[in-house]
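Comments concern the structure below.
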Protein chains: 2
Amino acid sequence: MDKPAPRRLTIVDVARHAQVSTTAVSKVLRNAYGASPAMREKVQQAIAELGYRPSAAARGLRGQTYTIGVMLPELRNLFFADILDGITTQLGDSDYQVLLAPGCNGEKAEAKVIDAMIDRSMDGLVLIAPVSAKKRLTEVARSVPTVVVGRHGSSPAYDSVTDDDIAGAALVVDHLVGLGHRRIAHIEHHETDRVRLAEMPNAQRADGYRQAMIAHGLEAEIDVASTSYTQAGGYLGAQQLLARPVRPTAIFAGADVVALGALEAIAEAGLTVPGDISVAGYDNSALAAFGPISLTSVDQDGRQMGANAARLLVDRIGQRDRRTAQMKLSPTLVVRRTTAAA
Amino acid sequence: MDKPAPRRLTIVDVARHAQVSTTAVSKVLRNAYGASPAMREKVQQAIAELGYRPSAAARGLRGQTYTIGVMLPELRNLFFADILDGITTQLGDSDYQVLLAPGCNGEKAEAKVIDAMIDRSMDGLVLIAPVSAKKRLTEVARSVPTVVVGRHGSSPAYDSVTDDDIAGAALVVDHLVGLGHRRIAHIEHHETDRVRLAEMPNAQRADGYRQAMIAHGLEAEIDVASTSYTQAGGYLGAQQLLARPVRPTAIFAGADVVALGALEAIAEAGLTVPGDISVAGYDNSALAAFGPISLTSVDQDGRQMGANAARLLVDRIGQRDRRTAQMKLSPTLVVRRTTAAA
DNA sequence: AGTGACGTGGGTAACGTTTTCCAAATGTTT
DNA sequence: AAACATTTGGAAAACGTTACCCACGTCACT
């Protein structure tokens, strides 16, 4: 009953079946130079007849593995899923297979995961919102083609794709000011590291908020609760803001999950949205679009970001010494039912 | 400026530095038999001093890759994220690295992803809610240790971990009957394939619903809308049920997303929940727990399922010929605000 | 003292590809 | 027709690790 699974087919079997050398088969597999159309045809047929599939492990030892590693800090963040969709769609008809490393929140876990991907000879890496030190990222990028998504700042070693978070924050503030709000508060992700303070999207959003408030002459109204980009962080942040002597009339949460937490705290305080207070999020995740919630949010087009990252990566794999590029996309505001006139 | 990344360290470098053979280093790396404590110490130190990391590609060619592949049909389903958490937590302090293959909805994509994992010499596979034919799963399991999660039915080739969906459906029906409901309807995922009809969780839930209704003497009240496990499916299913000559007083949706769709349709029909109609879901996803929704749902403890799957898999990698096991977990009901007395 | 078992370490041949040559055949130019 | 470039196919050496086997020394027991 438990027949012992026949030995895996190798390139040698294909070569024998097609009556050619293994070199020839290898050339056909890689679309390499030096194989005539007739040879291609013959080998392709042998491959199809035998159902041969090359071993990535063996390939990796000399050449490519045709594997692209994607690091995601958090699976539950739907925005990241959009980015991933963009990557897989873009890579769908190529020879590359995308593999994901889960659970890499924190610098230590991130380092472990990146090492694991390098150990597995991946051809390229997409790092989404990495928190590692810039020096480390540069080292990684020197040993394997890398694209960093969602982290500002340029590097000579890796390409980057970001959204213009400063512009995104401004969109929200402009919208709220247009509705007559003045006391507009912000819930940010607490950050201490200096480099990250300059490069991480959360910091840029907080900066964008401050700049936009100043631009509207509302410098005196700037009010920030510093918690974290989680639902609990939003809940806590909103509680802090609601306890102010003069309550804000609008809250700009740095992320949709944060806005959700804020909504809970607001409901618990017996206030209504948008009657008593307006709330806006960031990311335009599926959650924001969900009917009963209907959250005003900034849309980043994660699919577009992912697709661009994949394109840049494949490009770099083909040409490792080209100059690095920084791609910045413009966000848009999606107005829903959680924001209204003050 | 772009120093050309020094050649990667190999086991030979370590062997030379520690003044021993490569065989010895390999033994230490694998915790294999035949190395004295003194030898271990010496080699460990050399590894640490040089910062050596073994190449998974080379290892895969002869032995293990220390990589476990997980196939998820859908990243956005939070229940699957829980399973994954369970897997990574369980494997956290082992030598195994978990890699995920994204976007495998549909039999064809699933086949491609499984092949890709096999090609990459993964040591073991966790397949979550696979839709492939049973024959195919058996073939896969013969070539690489495999655990199937969330699919009923036993196999001599692979272990399986499931939730008792029949019991889960019964929990919901019991609860609703206890509240005085009699006209309890169900929204199921439409299924035609015979094997899947017996093995997929959705079919089991529908079965459990029927059995429980009969057990309560409510055979005449059985009413099923057959759509799909999506939000749109829930919306459509609820519309169908609401259009019945005699409206049901409670709807048991086969999944939380389905319940969400149903809630939308009910609200659109001008009815209230749970005043006019009670709604229950399945999965106890974060969405169900979210305050404003507060959906009564069946909890499957995905973390527990994932942890068990990982345990079984590691066990099987170590002992490939042991008998297969089927592990079935008991669900619990989480009562929230969408169900009330009839 | 002889014998066998065991613990310890190493030499070497795989593993399945790709890469780097090289030779032969074919085509093109003078 | 000679000289040279190009195309086509293959032989053989990597790539970095592990599996298999053997040798040597030590120890316990006849």
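Taking atom CG on Asp123(B) and atom P on dT17(D), their separation rounds to 16 Å, with Å as the unit. One atom, CG of Leu61(A), and another, P of dT17(D), lie 9 Å apart when rounded to the nearest Å. Residue Gln19(B) contributes atom CD, which lies 14 Å from atom P of dG9(C) at whole-angstrom precision. For Leu29(B) and dG10(C), the CG to C1' distance is 16 Å, given to the nearest whole Å. At whole-Å resolution of the value, CD1 in Ile118(B) and C1' in dG16(C) are 17 Å apart.
Minimum atom distance to the side chain of Ser36(B) is reached by dG9(C), of the listed dG16(C), dG9(C), dA14(C). The nucleotide whose nearest atom lies closest to any side-chain atom of Tyr33(B) is, among dG16(D), dT8(C), dT18(D), dT8(C). Closest to the side chain of Ser21(A), from the set dT8(C), dT17(C), dG10(D), is dG10(D). For Ser26(A), the listed nucleotide lying nearest its side chain is dT18(C); candidates were dT8(D), dT18(C), dG11(C). Listed candidates were dT18(D), dT17(C), dT18(C). Nearest to the side chain of Tyr52(A) is dT17(C). Set against dG9(D), dA14(D), dT20(C), the side chain of Met39(A) has dG9(D) as its closest nucleotide. When each of dG10(D), dG11(C), dG16(D) is scored by its nearest atom to the side-chain atoms of Lys27(A), the top-ranked nucleotide is dG10(D). Minimum atom distance to the side chain of Arg30(A) is reached by dT19(C), of the listed dG16(D), dT19(C), dT17(C).
A salt bridge links Arg322(A) to Asp159(A): one of the charged nitrogens lies within less than 4.0 Å of a carboxylate oxygen. Ion pair Asp119(B)/Arg8(A) flagged as a salt bridge, since at least one NZ, NE, NH1 or NH2 atom sits closer than 4.0 Å to an Asp/Glu carboxylate oxygen. With salt bridges taken as basic N to acidic carboxylate O contacts below 4.0 Å, none links Asp115(A) and Lys112(A).
Between Thr23(B) and dA19(D) there is no side-chain polar atom (N or O) within less than 4.0 angstrom of OP1 or OP2.
Counting only N and O atoms by type, the side chains of Arg120(A) and Thr67(A) include no donor and acceptor under 3.5 Å apart.
Within 4.0 Å of Val20(A), counting heavy atoms only, lie sugar-phosphate atoms of the nucleic acid but no base atom.
Side chain Arg62(B) to base dT18(D): a donor-acceptor pair is found below 3.5 Å.
Taking all atoms of both residues into account, the shortest heavy-atom contact from Leu100(A) to Leu75(A) is CD2-CD2, 4.3 Å.
Residues Val25(A) and Ala35(B) both approach DNA chain C. Their nearest nucleotides, taken by heavy-atom distance, put Ala35(B) toward the 5′ side.
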